[in-house]
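Beneath this line is the structure, given in structure tokens, with notes to follow.
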Amino acid sequence: MATHAHAAHAHHVSHSADHHGDGSGHAHHVTPAFTLRFILAILLMFTAMTVAAAQAEMFIAHTFNIALPLWVNVVIALSIATVKSVLVLLYFMHLKHDNPINGIIFIFTMIAFVIFLTFTMLDIGNRGAVDRVKLPAAVAGGSGITVYGKLPEWVDVSAKAARSNRPIIYSDKPMFVGAVDLRYAQIEAPIISKLQRPLYDARLQELLAAPPEASVQKAKTDGISIEDACKLAAFNDTLAKARDLAAPETRRLLAEEFKYAVSHGGLPHPEPRKRLEELLGPELFMSVAEHAAPSSHGGHHDGDASSTAQTSRAKKGLTQGLFEKASESSSHSAPSH
Amino acid sequence: MTTIDANSPAPHGHEIDPNKPLYQQYKHGHHFRNAEEEFDACKTGMWLFLATEVLLFAGLFMAYTYFRFKYPEAFANGSQYLDWRWGALNTVILLISSYTAAMAVRNAQLNQQAKLRLNLVITIFCGLLFIAIKFIFEYLPKWSQGKRPGSLFSYPFSHDAWEPMWWSVYYSATAIHALHVVIGAGLLAWCLRRSLKKAYGPTHYTMVENSALYWHLVDLIWIFLFPLLYLIH
């Protein structure tokens, strides 16, 4: 240690410290002034280092267009901060020459913190994986992009959703209870997806041009808009059409659909699985299930932001009667565009 | 406060001798064997308190970890609005004040009364400077631009839907830290006031030691907050 260079000075200090006390115990350690100054210099140096490291990372990322992983920044910053805090603890806070009990108290506090951190990180880090198995679709508080309440108009979530291939879930629930209650929210998102959308859109245009009596009645009884009732009808018609046309092409489309849903954590849950089986019939369902390889197909969204938003807005009408739980336990609203 | 930093150093009706410095007249609590034992007990008590403080901030660091993990883009964007130079300046200020606090303890141990007062003054000044910079150059401009926590957020040019969450974490962490700076400066101001009467010296400096420990903890927390808040990208 550099204190050896100033051993004479340090000796002088501890010598003068020996004269204190009431004669009842050992003298407290007096940290030499040089040590304190030296530690301050190291701390300032490390502060400069941590800033320089952050600047260097930014420079590298921008100049060579390398996207550094998130942990690089965190690991460098936290390593330097840890070294700094150990120096503060040992020298400024005297733990080096102190009664060991004080250091032990601090170490146990740190252990408590690490337990706290580790288990929380295990939870957050694995949430997507759990969702994939257990949950039918995108879940508020889960691996989708969750929007709670009404967003300001300038916030463009749909672009982000298109970029990251994640569904958007709108939720009115307070954020921390959303995860369980809204498990069934937006179940239609994976089912009406890109492959059925042309069929769905065409049918919806037809229905909107001249809303059938049944839809007008449905809108009245369910207290939803006629538009939503038409969407619901279009949704049902689309699925019925797909089931009726058990042609090879439809089968292929449905296999795609199924793969899509699986890759979004959509179908392993018993409820939607039962629903799809009901829609397709057992035979077709099994053949579709054979084709569906869960991992081979990444998430697909049609990148069309407005249609994603529209699906979400249609959700209230669509979800009703499809899964009772959804309409019971959740209410949705979408930002008005 | 009665045992570690009594206003009246000679309890039980003893007169204060004006010719002797106060610290020499200090009598340890009757439930301790000697002043040494009292000092150790007070200090261990302080460390236990510091442990609870660390756990308080652990909750905030946990919130930070959770939300940064979940919304990395919002945190990267949010961090861009902070000027690292103010953060770095405040880091340097706190480090220097930590050094002067440690020096103040040393001065008390060595009965260097004038230096003790000077170091306490510098430390308190650094604390106030920290708060001033924080408020004048960081909180006020950001708050007035609408960069506010949670539902108060009204900044019209945000890039990410989760920026209000970033500001929530930023304001809670830094404001609770700033509150600690104020409390720490208050403790040191008390020490300064008492040191004018020569209350602290080689045989009795418990209050200086514990206040300095508190101050170092505040510094310690900032050592982590600075890179985590200012240096993300």
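Chain identifiers are assigned alphabetically (A, B, ...) following the order of the sequence lines, protein sequences preceding nucleic acid strands; residue numbering begins at 1 within each chain.
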Under 4.5 Å heavy-atom distance to chain A, tell me which part of B:S98 shows up: side chain, backbone, both or neither.
both
What pair of heavy atoms forms the shortest contact from B:V54 to A:M110, and how long is it?
CG1-CE, 3.5 Å
Pick one of side chain, backbone, both or neither for A:F106, based on which atoms fall under 4.5 Å of a heavy atom in chain B.
side chain
Nearest non-hydrogen partners of B:L95 and A:F92, listed with the distance:
O-CE2, 4.3 Å
Of all of A:I101, A:N99, A:I80, A:L44, which one pairs up most often with chain B through heavy atoms under 4.5 Å apart?
A:L44
Please classify the contact of B:Y230 with chain A as side chain, backbone, both or neither, using a heavy-atom distance under 4.5 Å.
neither
Once you round to the nearest 0.5 Å, how far does CE of A:M58 lie from CD1 of B:I232?
11.0 Å
May I ask you to decide if the ring planes of A:F113 and B:F61 are parallel, tilted or perpendicular, using 30° and 60° as cut-offs?
tilted
Could you go step by step and tell me if B:M103 and A:L40 meet the side chain to side chain contact (heavy atoms under 4.5 Å, CB included) rule?
CA-CA 11 Å; B:M103 282 302 272; A:L40 174 65; over 6 Å; no
Check: B:R106 and A:T35 side chains under 4.5 Å, non-hydrogen atoms
no
Chain A contact via B:A212 - side chain, backbone, both or neither, heavy atoms under 4.5 Å
neither
Under a 4.5 Å heavy-atom cutoff, which of B:M46, B:E209, B:R33 has the most pairs with chain A?
B:E209
Do the non-hydrogen side-chain atoms of A:V51 and B:R85 ever get within less than 4.5 Å of each other?
no
When rounded to the nearest 0.5 angstrom, what distance separates CZ in B:F224 from CG in A:L78?
6.5 Å
Need one label for A:L95: side chain, backbone, both or neither, based on atoms under 4.5 Å from any heavy atom in chain B.
side chain
Any idea how A:H28 and B:Y205 line up, ring-wise: parallel (<30°), tilted (30 to 60°), or perpendicular (>60°)?
perpendicular
More than 12 foreign heavy atoms under 6.0 Å from NZ of B:K142: is that the case here?
yes
Is the shortest side-chain heavy-atom distance between A:T50 and B:L231 below 4.5 Å?
yes
Counting only heavy atoms closer than 4.5 Å, note whether A:N102 contacts chain B via side chain, backbone, both or neither.
both
Is it the side chain or the backbone of A:Q55 that comes within 4.5 Å of chain B heavy atoms, both, or neither?
side chain
Side chains of A:H29 and B:Q109: is there a donor and an acceptor less than 3.5 Å apart?
no
Distance (rounded to the nearest 0.5 Å) between B:F226 CZ and A:T47 OG1:
7.0 Å
Looking at A:M121 and B:T65, what are the two nearest heavy atoms and their distance?
SD-CG2, 3.3 Å
The reported gap from CZ in A:F46 to CD1 in B:I223 (rounded to nearest 0.5 angstrom) is 11.0 Å
Please report the interatomic distance CG(A:D98) to CG(B:D40), rounded to the nearest 0.5 Å.
7.5 Å
Under 4.5 Å from a heavy atom of chain B, the part of A:L117 involved
both
Roughly how far, to the nearest 0.5 Å, is the OG1 atom of B:T44 from the CD1 atom of A:I104?
10.5 Å
Need one label for B:N111: side chain, backbone, both or neither, based on atoms under 4.5 Å from any heavy atom in chain A.
neither
